[in-house]
Amino acid sequence: MSAERGSGGPPVQVSILVPTYNESQNIVGLLRSLAESIPRSIRAQTIVIDDNSPDGTGRLADDYARGAREIAGHTVDVIHRRAKQGLGSAIMSGVQQAAGSTIVVMDSDFSHPPSVIPEMIEAVKQSRCDIAVASRYVAGGAVRGWPLRRRVLSRLATGIAKRGLGVEQHDPMSGFFAFRRNLLDGLKFDGIGYKMLLEILVKTRGARVKEIPYTFTDRRRGASKLGAGTALAYCRSVWRLYRHGRAAARGGPGRASARFLSKAARFYTVGASGLGVNYLLSLLLAAGFGGVWYLHANLLGIAASMTTNFALNKYWTFEDRDFSPRRTAVQYGKFVAFSSAGALVQLGMVYTLVESHSLGYPESLVLAVMAAAFGNFVLNKKWTFREGLWP
Ligand code: GDD
Ligand code: MN
């Protein structure tokens, strides 16, 4: 680190991290443009992280930093690393030095327009989100100047992240993003390759993310550092994140709502199938085979549907594959108990609602069925199959 942080004065609020490798044709222009784009009301610090660029980018940044002392409200620091160690690790070095509570990460080659930064900072500072992603792939965003090959590769990498890692954002590959610094507290990062944002998104699942559209314009000066090695690094990084995700999946915040809803949907599908079993068996026993007394037939129909419901919920809904007799018997007992209790609750609710004249019978019935069904799902989830209530 060459330039020490501006002593005295109010504390830095925002740190802008700019990793560079051979960007001598861009760095000074970018630092100027940053100084103009960030409102004076924000105490900002730009940190250039240079990996000993052979073209002298580091020296240019140092020179600029010395002069920039005068510009009100905006300091420039330079971190000099001994050799090229990759973009992800450069960002992590910057995070360690950052004094601001909000951190912005961007490229130094003008692909990321500084004019978007104020909106990103606002989003994070106003606590409307934890991470603001400048995004090419939401409405209003675009990519300009990329050859077909890069476009296809980018979409492919994005697809892998979405499907393979279950990331919900449209542009998890963006190199342009802002976040609350303390979001990373206590987390460990691999910092492999280019994909810092993806790693952050996966490891802070449940964080509130806002995507802000922007137009990525391919660099006019200098060359991209993205090579064959980057693709390899990407695969390694996805693999590690995938294993990380599997380890965190149990109990992790994950896509909790999605998992909860998908289980509820299975539970009610099973319930519907139970109605079918109940109805058919009750009819068949009474009419078809030797005329069992209709109430007995219905009782058998109920028992049969409870049993098929239980088996399907155990195996399919809650994916419990342990069918040892004792465990299964205990679970079956609880399941039947909750189902019966659900029926009683439903009866009681219908009675109360109708008698209090607050609702008609059909409306009361809908409410009561819904309440009982929901209670049934939640109770069985927690007590019969021993999962947490949420997700
Ligand atoms: N310190 C340091 N060390 N900086 C590096 C290194 C490194 O090893 N490698 C690249 N950089 C810097 C570059 O100087 C530039 O400022 C920035 O990181 C991005 O590098 P580019 O080589 O310009 O990347 P790109 O334009 O091909 O890719 C960009 O778009 C991708 C979107 O698909 C980057 O923003 C990627 O992060 C992004 O994923
Ligand atoms: Mn670039």
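Everything quoted here is computed from the prediction, not taken from an experiment. Counting convention: from 1, in listed order, for ligands and their atoms alike. Just so you know, residue 1 is the first one in the sequence shown, and it goes up from there.
- Protein heavy atom in closest approach to atom 32 (C) of ligand 1: R136 NH1, 3.1 Å.
- Close contacts between ligand 1 and K195 involve ligand atoms 38 (C), 39 (O) [criterion: under 4.0 Å to a heavy atom].
- Under 3.5 Å, the side chains of S282 and Y294 contain no donor-acceptor pair of N or O atoms.
- Counting protein heavy atoms only, atom 36 (C) of ligand 1 is closest to Y194 CD2, 3.5 Å.
- When T158, D109, L153, V105 are ranked by how near their heavy atoms come to atom 26 (O) of ligand 1, first place goes to D109.
- Protein heavy atom closest to atom 30 (O) of ligand 1, with residue, atom name and distance, is F216 CE1, 3.6 Å.
- Within the structure, ligand 1 has H112 among the residues with a heavy atom less than 4.0 angstrom away.
- Of the protein's non-hydrogen atoms, the one nearest atom 8 (O) of ligand 1 is G86 N, 2.9 Å.
- Listed for the D109 side chain is a donor-acceptor partner under 3.5 Å among the backbone atoms of S111.
- Of the candidates S224, G175, P19, S108, the one placing a heavy atom closest to atom 37 (O) of ligand 1 is G175.
- Ring centroid separation for the pair H112 and F176 comes in under the 6.0 Å cut-off.
- At least one cation-pi condition fails for K263 and F377: the charged atom is not both under 6.0 angstrom from the six-membered ring centre and inside a 45 degree cone around its axis.
- Using modelled atom types, no side-chain atom of T158 and backbone atom of D171 make a donor-acceptor pair closer than 3.5 Å.
- The proximity of L87 to ligand 1, defined as any non-hydrogen pair under 4.0 Å, involves the side chain as well as the backbone.
- No side-chain donor from either of S108 and N26 sits under 3.5 Å from a side-chain acceptor of the other.
- H80 and D62 share a side-chain donor-acceptor pair at under 3.5 Å.
- The proximity of W146 to ligand 1, defined as any non-hydrogen pair under 4.0 Å, is limited to the side chain.
- To the nearest 0.5 Å, atom CG of residue L198 and atom OG of residue S174 are 11.5 Å apart.
- Selection from E23, M173, R150, K84 by nearest heavy atom to atom 27 (O) of ligand 1 gives R150.
- Scanning the protein for heavy atoms near atom 21 (P) of ligand 1, the closest one is R219 NH2, 3.7 Å.
- Figure legend: cation-pi geometry between K225 and Y21 absent, as NZ or CZ is not positioned both under 6.0 Å from the six-membered ring centre and within 45° of its axis.
- F374 and Y268 have their aromatic ring centers separated by at least 6.0 angstrom.
- For Q13 (side chain) and S101 (main-chain N/O), no donor-acceptor pair under 3.5 Å exists by modelled atom type.
- Among heteroatoms of the N, O or S kind in D109, OD2 lies nearest the Mn ion (ligand 2).
- Protein heavy atom nearest atom 5 (C) of ligand 1, with residue, atom name and distance: Y21 CB, 3.9 Å.
- Every atom of ligand 1 is numbered from 1 in the order shown, and the set under 4.0 Å from a heavy atom of A90 is 1 (N), 2 (C).
- The protein non-hydrogen atom at the shortest distance from atom 2 (C) of ligand 1 is T20 O, 3.4 Å.
- For atom 34 (C) of ligand 1, the nearest non-hydrogen atom of the protein is D107 OD2, 3.0 Å.
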